[in-house]
Amino acid sequence: MTQRQRAASRLFSALAKAPTTSALAATALAGATLAAACGGSGPPSINGSSSDADGGGSGGSSGGFASGDDGGTVGFGSSGSTGSSGGGSSGGATGCDASCSAAGGKCTGTVCSITENPGHVATATQTQLQGNGKADSAFVWLYPYDKTVFPKGLLSPTLQFGGGASDAESVHITSKTLDYTGYFAGGAANQVTLSLPQKSWVAVNAAVGAGDVASVQVTKISGGKVTGPISESWPIAQGNVRGTVFYETYGSPVAGGRNSVALLKISPGATTPTLFQGTMGACGAICHAASADGSTIVSATSLGASASWSVQSGTSITTSNSTAFTYMGLYPDGTFGMTATNYGAIYTSNTMSRLVNTKTGASIGAPGWDSVINAAGTPSFSPDGKQIAFMREDQDAHTIAKADFNASTKTFSNIVNLAAGAPGYTAWPAFTPDGTSVLYQVGSDSTFETDCQYTGDAYAVDVATKTVRRLDILDGYAGSGAASYLPANDPGLNFAPTMLAEAVGGYFWAIFTSHRSYGSMLASKANSSGLGVSNCFSAQGDEANGKLWMAAIDIGAAPGKRPSHPAFYLDGQELQADNLRGYWVLPVCQGMGTGCESGDQCCSGFCRAGADGGAPSCVSPPKGCANEFESCMTASNCCSSADQCINGRCAMQAPK
């Protein structure tokens, strides 16, 4: 089946019956059939709310291609100096705080103790669940994964288990400063699921400090016979994730149901997404990108047209009767971007990659680029705007390259290949917040997805040394080989990674799309029986379950240490829809005097309480040091001696 046939089949499938359209190929090029179906040059007709619920030179040497993020000879990310003065707001959990009592618990010294019975489990059964047994050998964890690093600020995850039916379960979570016990109602065979009440999950997060872990034991009872406990451990990052994820969706109930095509947005911790832009039964407001500062979105509005959008107002800034804004690599402040080329005639009709003003659509001259690079696939600027990474389509579809950039002169220089000779198609490069590494995808599909039985994995390349390694743990592998720790044995279904532009809780944070299983709630699309490229666009086709996953990435990982961690599902996204290509951006900064929680919310870079002890607000740069998330030039500006200065913000170091 040709790319053109695949795109046409996918579009017609979506319009005729089911939400099986997948973002990337749905807008893929061409042909009179698709042009007619997705014609028109204006912006989409449904406008969503703007608020959220809750130079020179070419070539260069390339690094060798190595498999496995447990290999390599260099660290990953920042390892620079730390702050020199004490004090500040950085730091982790202190054990027992107000969240403990809010969850119905009590404090004994620094230990928070919570016992609850949301499942209304009888006292006698509770006593039995305090024992152990081996009645059901199939009782295993399906989700979350062992050693998942959870940040604060998320919804309580849905714990999911394999095995026979259960009458009731107990959950026991301990750390140095936590003792939690909860009793939950049972479930059918291979469908046992439970979630801690949200207040309890917040208290658990608060009680697990830096360098500690939440040790989780689950026991079940069925017909009077006990099985368990089965155990996992979860480190808790010492910070609340922030910002908004903008993503493409197909068949979203929020966007209008079965034939909807839309851009949605969701903040981690929100219970449901909200509509940003969307259309019913046609191409529109997809194939997008978002600026790191959260101010600007660019997208296709049809196969032959595109637009830039203001996040704050939810309205279009300018439109184009070309694909100039489709998959554009946006500068961090959203004022201009690099156009993406046609990826071998798959997605857009742009013949050359050039800088374009997002407010006017006018081209911008770029010395050092215009005479050197013609085709740059899926380009992406670093969070500080000083570098750009791209698939070097001028050469082939298997090379990730980068260039330095001077924003004041719009000049590019030092164009080099970072990773060449990949064992598949490369795409979607994304810089870590410190600009020292680039995450990207290597896959078997020239449309850069992992549906229709195609595969894909996330890789990272060190910008300085060009050392490449697969992100084994994020991808679902047990090591550098093919063995997997995933319950459904379905690694290699991951694509389109992006990064939050700042460090939180001692980690960098990646978001990506995967067709892996989500416990018992969503089946894996790996090797689906009876499905394949020829019929994957049917109502039962395997591209309909793309979902957004997140994972922690270590800052400054030591040589030889695997820097990625097991991924977790982004709760709040719609399970019924096909969700993909999440851009995770910071909130639009606020002006002086506006209420705030941290400096990254303020255009001034500083958030402080008033002299009278009132609520914090955005203030002018004060004298003295900077707290976590406040502006810095070097680590010596940060109040905490443990903080680093990453992308102009004081950031906590990773736990030891």
Side-chain angles (χ1 to χ4, degrees), residues 1-3 6-7 10 22-28 65-69 248 287 327 340-347 376-380 389-393 395-401 418-430 438-461 468-477 480-482 484 486 490-499 510-516 524-528 531-533 536 541-543 545-549 551 564 567 578-582:
M1 177 178 285
T2 67
Q3 300 292 352
R6 291 175 61 193
R10 184 172 296 191
S22 178
L24 304 181
T27 57
F65 207 89
S67 176
D69 66 7
E248 303 177 13
C287 303
Y327 287 134
T341 43
N342 62 1
Y343 318 120
I346 299 296
Y347 297 127
T378 59
S380 175
F390 54 96
M391 180 180 75
R392 196 160 188 175
E393 194 180 5
Q395 294 183 355
D396 55 47
H398 311 283
T399 300
I400 295 294
L418 293 178
Y425 297 96
T426 59
W428 311 122
V438 175
L439 273 64
Y440 61 99
Q441 168 198 338
V442 177
S444 62
D445 183 16
S446 59
T447 62
F448 317 141
E449 292 198 45
T450 60
D451 52 16
C452 305
Q453 308 300 299
Y454 289 108
T455 59
D457 288 309
Y459 282 72
V461 57
V468 174
R469 49 188 176 184
R470 188 181 69 184
L471 296 179
D472 296 332
I473 302 179
L474 177 153
D475 285 322
Y477 297 100
S480 60
S484 175
L486 299 177
D490 54 350
L493 296 176
N494 313 312
F495 67 99
T498 66
M499 300 287 294
I511 185 168
F512 61 98
T513 308
S514 184
H515 290 281
R516 66 175 67 182
S524 170
K525 291 304 179 181
N527 303 313
S528 300
L531 295 175
V533 174
C536 73
D542 67 346
E543 92 235 22
N545 76 329
K547 293 294 177 286
L548 301 176
W549 292 73
S564 66
D578 183 25
N579 307 322
L580 61 161
R581 193 54 182 152

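Since we're looking at a predicted model, the values are computed, not measured.
Proximity of a side-chain donor or acceptor of Q441 to a complementary backbone N or O of A427 within less than 3.5 Å is not detected. For the pair R470 (side chain) and S480 (backbone), a donor-acceptor distance under 3.5 Å is present. Of the possible polar contacts, one joining the H398 side chain to the G424 backbone as a donor-acceptor pair under 3.5 Å is found. Under the 3.5 Å distance criterion, the side-chain polar atoms of D457 are left unmatched by any main-chain donor or acceptor of D475.
In this structure, G582 and L548 approach most closely via the heavy-atom pair N-CD2, 3.8 Å. Here the shortest heavy-atom pairing between P379 and A340 reads CD-CB, 3.7 Å. In this structure, V468 and A419 approach most closely via the heavy-atom pair CG2-CB, 3.7 Å.
Expressed to the nearest 0.5 Å, how far OH of Y459 lies from CG of D472 amounts to 8.5 Å. In this structure, OG on S514 lies 12.5 Å from CG on N579, to the nearest 0.5 angstrom. Atoms CD1 and CH2, on I511 and W549 in that order, are 12.0 Å from each other to the nearest 0.5 Å. In this structure, CD in E393 is found 11.5 Å from OG1 in T399, a value given to the nearest 0.5 Å.
Residues meeting the side chain to side chain contact (heavy atoms under 4.5 Å, CB included) test with A401, sequence neighbours left out: F390, R392, N417.
At least one side-chain heavy atom of P423 sits under 4.5 Å from a side-chain heavy atom of V442. Residues F512 and L474 meet the side-chain proximity criterion, which asks for heavy atoms closer than 4.5 Å. In this structure the side chain of N494 never reaches within 4.5 angstrom of the side chain of T513, judged on heavy atoms. Residues R516 and P491 form no side-chain contact, since every pair of their non-hydrogen atoms from C-beta on lies 4.5 Å or further apart. For the pair K547/L580, no side-chain contact is recorded, criterion being any heavy-atom separation below 4.5 Å from C-beta on.
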**Request:** Begin with the C-alpha distance, continue with both residues' side-chain angles, and end with the deciding distance and a verdict on side-chain contact (heavy atoms from CB on, under 4.5 Å) for S524 and L493.
**Result:** CA-CA 9 Å; S524 170; L493 296 176; 4.1 Å; yes
**Asked** Run the side-chain contact (heavy atoms from CB on, under 4.5 Å) check on W428 and M391 step by step: do they pass?
**Response** CA-CA 8 Å; W428 311 122; M391 180 180 75; over 6 Å; no
